[in-house]
Amino acid sequence: MTGPAAPAGEYAVVVPTLGRPSLAACLRALAESEGPRPARVVLVDDREDPAVPLTASVPPALRSRTVVVPGGARGPAAARNAGWRAAGDAPWTVFLDDDVVPGPTWADDLALDLAGASVATAGIGARIEVPLPVDRAPTDWERNVAGLAGARWITADMAYRRKALEAVGGFDERFRRAFREDADLALRVLDAGWTLAEGRRTTTHPVRPADRWVSVRLQAGNADDVLMTRLHGRDWWRRAGAPRGRLPLHLAVTSAGLAAAVCALTGRPRAASACAAGWLAGTAEFTLARIRPGPRTRDEIVTMALTGALVPPAAAWHWLRGQVRHRATPAHRHRAAPPSPSAAAPSGERMPT
């Protein structure tokens, strides 16, 4: 015999984590938030060597309902799948990143979000706030993180109906980085006939410290963009509301630099000079475009100058890597749509197009 069905507004929280110090602040804010507490909190330990137990970060108010499951160091998509499948039978699963801070009324606001969902609503996003310095212009890295405030469906704080996750198979574990796996899931959910909504709860996403090479490492996301194109077609950018970025310019600048080197090695100095001038102009334009809106400190200018020359070839390399790795990836096939809703979406629900 099966037990009674869980209440419609009951929810679980899934937090994939690498054991960063920010986890304690996230869980403390969750515990202190006013409103109904989660039926279960699942911490997915995605570290390669989980030497220090994560339970030390769990506040007393959540310990009785918190479980830790291994993630296998396979990335956030796989970790979230392990989390929601271990979350019990709560109708809703709220995915939180381990570096966010839920607001003081988060739980009450979440309850209102869930209560206002129509039967066709698969997911409800939160309002993400990124605090920036008030006494100076933000750095390039800070502006990058601030872009999360306007992103759609990001799993920094995203509630999904368990039935919808089961219907589409959860996250695609080929996305091994914390990039595009949330957009991919959202597009598959929409393709299956569900809707997505914007909630009223608010979560803060602080800007964590980063070294000066972070922008170079972030170019690995270009390989994930190739996978998105293979799965969802060339118009996925528009459907997901994602910015296109500067990849075409990065490819052009990198091509100019390579052409300059080839022409120089093959004894064509005029062509080499012309190509080198194109590379230099493109690199200078990119560097200045990042310096102008920033604080223009010595350290920031040095960082922009160094990475301005490295980002374009890094972007080109990862794009080519994605083309090779995902060359045989078939397009996403729509799964069966959910039952037709018997009620219209509630007033104020924001439906994606």
Side-chain angles (χ1 to χ4, degrees), residues 75-76 99 130 132-133 136-151 154 175-183 205 207-230 234 236-237 240-264 272-326:
D99 57 352
V130 180
L132 295 175
R136 60 167 174 80
T139 64
D140 179 72
W141 167 238
E142 290 166 342
R143 295 194 304 274
N144 181 283
V145 178
L148 297 175
I154 61 171
F175 291 92
R176 297 295 297 268
R177 303 172 62 256
F179 191 67
R180 302 304 191 205
E181 83 289 354
D182 42 14
H205 193 304
V207 180
R208 67 176 184 269
D211 61 50
R212 69 177 7 147
W213 309 110
V214 63
S215 60
V216 180
R217 293 194 299 273
L218 289 177
Q219 301 312 308
N222 285 285
D224 298 314
D225 285 346
V226 173
L227 177 56
M228 287 291 291
T229 300
R230 293 282 190 270
R234 295 184 180 276
W236 74 265
W237 304 88
R244 288 301 301 265
R246 297 177 61 106
L247 179 63
L249 293 175
H250 291 333
L251 294 176
V253 170
T254 302
S255 297
L258 289 174
V262 171
C263 289
S273 297
C275 293
W279 172 84
L280 183 60
T283 300
E285 184 276 330
F286 176 51
T287 300
L288 290 174
R290 299 164 73 204
I291 290 175
R292 287 193 189 100
R296 305 186 189 182
T297 61
R298 179 180 178 181
D299 185 68
E300 179 73 357
I301 291 173
V302 169
T303 297
M304 295 302 97
L306 292 173
T307 58
L310 296 176
V311 164
W317 164 253
H318 287 294
W319 178 78
L320 287 172
R321 181 174 61 85
Q323 295 288 346
V324 173
R325 182 173 184 178
H326 303 302

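All values below come from the heavy atoms of this structure, side chains included, with hydrogens, waters and symmetry mates left out.
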*What are the two closest heavy atoms between A264 and A272, and how far apart are they?*
N-CB, 3.7 Å

_Using 0.5 Å steps for rounding, measure from the CD1 atom of I291 to the OG1 atom of T139._
12.5 Å

*Would a distance-only check, ignoring hydrogens and angles, find a side-chain to backbone donor-acceptor pair under 3.5 Å from D299 to V302?*
no

*Taking salt bridge (charged side-chain N to carboxylate O under 4.0 Å, His left out) as the test, write out the residues that go with R143, two or more places apart.*
D140

*Mind listing the closest non-hydrogen atom pair of A146 and L132 along with its distance?*
CB-CD1, 3.9 Å

*Tell me, do L218 and W141 make a side-chain contact under 4.5 Å, heavy atoms counted?*
yes

_Which residues share a side chain to side chain donor-acceptor pair (under 3.5 Å) with T303, sequence neighbours left out_ = R212

*Can you find a heavy atom in the side chain of N144 that is under 4.5 Å from one in the side chain of S215?*
no

*Check the side chains of W236 and T229 for a donor-acceptor pair under 3.5 angstrom, ignoring hydrogens and angles.*
yes

*Among all residues two or more places apart in sequence or in another chain, which pass the side chain to side chain donor-acceptor pair (under 3.5 Å) test with R296?*
none

*For A274, check side-chain contact (heavy atoms from CB on, under 4.5 Å) against everything at least two apart and list the hits.*
none

*asked:* If I compare all heavy atoms of P138 with all of P295, which pair ends up nearest, and what's the gap?
replied: O-CD, 3.4 Å

*Tell me, do M304 and I301 make a side-chain contact under 4.5 Å, heavy atoms counted?*
no

_If I take atom CG from residue L227 and atom CD from residue E181, how far apart are they, to the nearest 0.5 angstrom?_
11.5 Å

_For I154, all residues meeting side-chain contact (heavy atoms from CB on, under 4.5 Å), sequence neighbours excluded_ = I128, L148, A151, A156, D182

_Please enumerate all residues that pass side-chain contact (heavy atoms from CB on, under 4.5 Å) together with S255, with sequence neighbours excluded._
none

_Under the rule for side chain to side chain donor-acceptor pair (under 3.5 Å), what residues qualify as partners of R325, not counting sequence neighbours?_
none

_Which heavy atom of A276 sits nearest to which heavy atom of A260, and what is that distance?_
N-CB, 3.6 Å

*Would you mind listing every salt bridge (charged side-chain N to carboxylate O under 4.0 Å, His left out) that reaches into residues 244-256, with sequence neighbours excluded?*
R246-E285

Please list, one pair per line, the donor and acceptor atoms closer than 3.5 Å that link side chains of residues 311-323 to other protein atoms, with sequence neighbours excluded.
unit_1 : atom_1 : unit_2 : atom_2 : d
H318   : ND1    : R321   : NE     : 3.2
H318   : ND1    : R321   : NH2    : 3.0
Q323   : OE1    : R230   : NH2    : 2.9

*Hey, are the side chains of F286 and V253 touching, using non-hydrogen atoms and a 4.5 Å cut-off?*
no

*Who pairs with E142 by salt bridge (charged side-chain N to carboxylate O under 4.0 Å, His left out), at least two apart in sequence or on another chain?*
R136

*Got a sec, which residues hit side chain to side chain donor-acceptor pair (under 3.5 Å) with W237, two or more places apart in sequence or on another chain?*
none

*Test side-chain contact (heavy atoms from CB on, under 4.5 Å) applied to F179 - qualifying residues, sequence neighbours left out*: R177, D224, D225

*To the nearest 0.5 Å, what is the distance between CZ (R180) and CG (N222)?*
9.0 Å

*Taking all non-hydrogen atoms of both residues into account, name the closest pair between A256 and W279 and its distance.*
CB-N, 3.8 Å

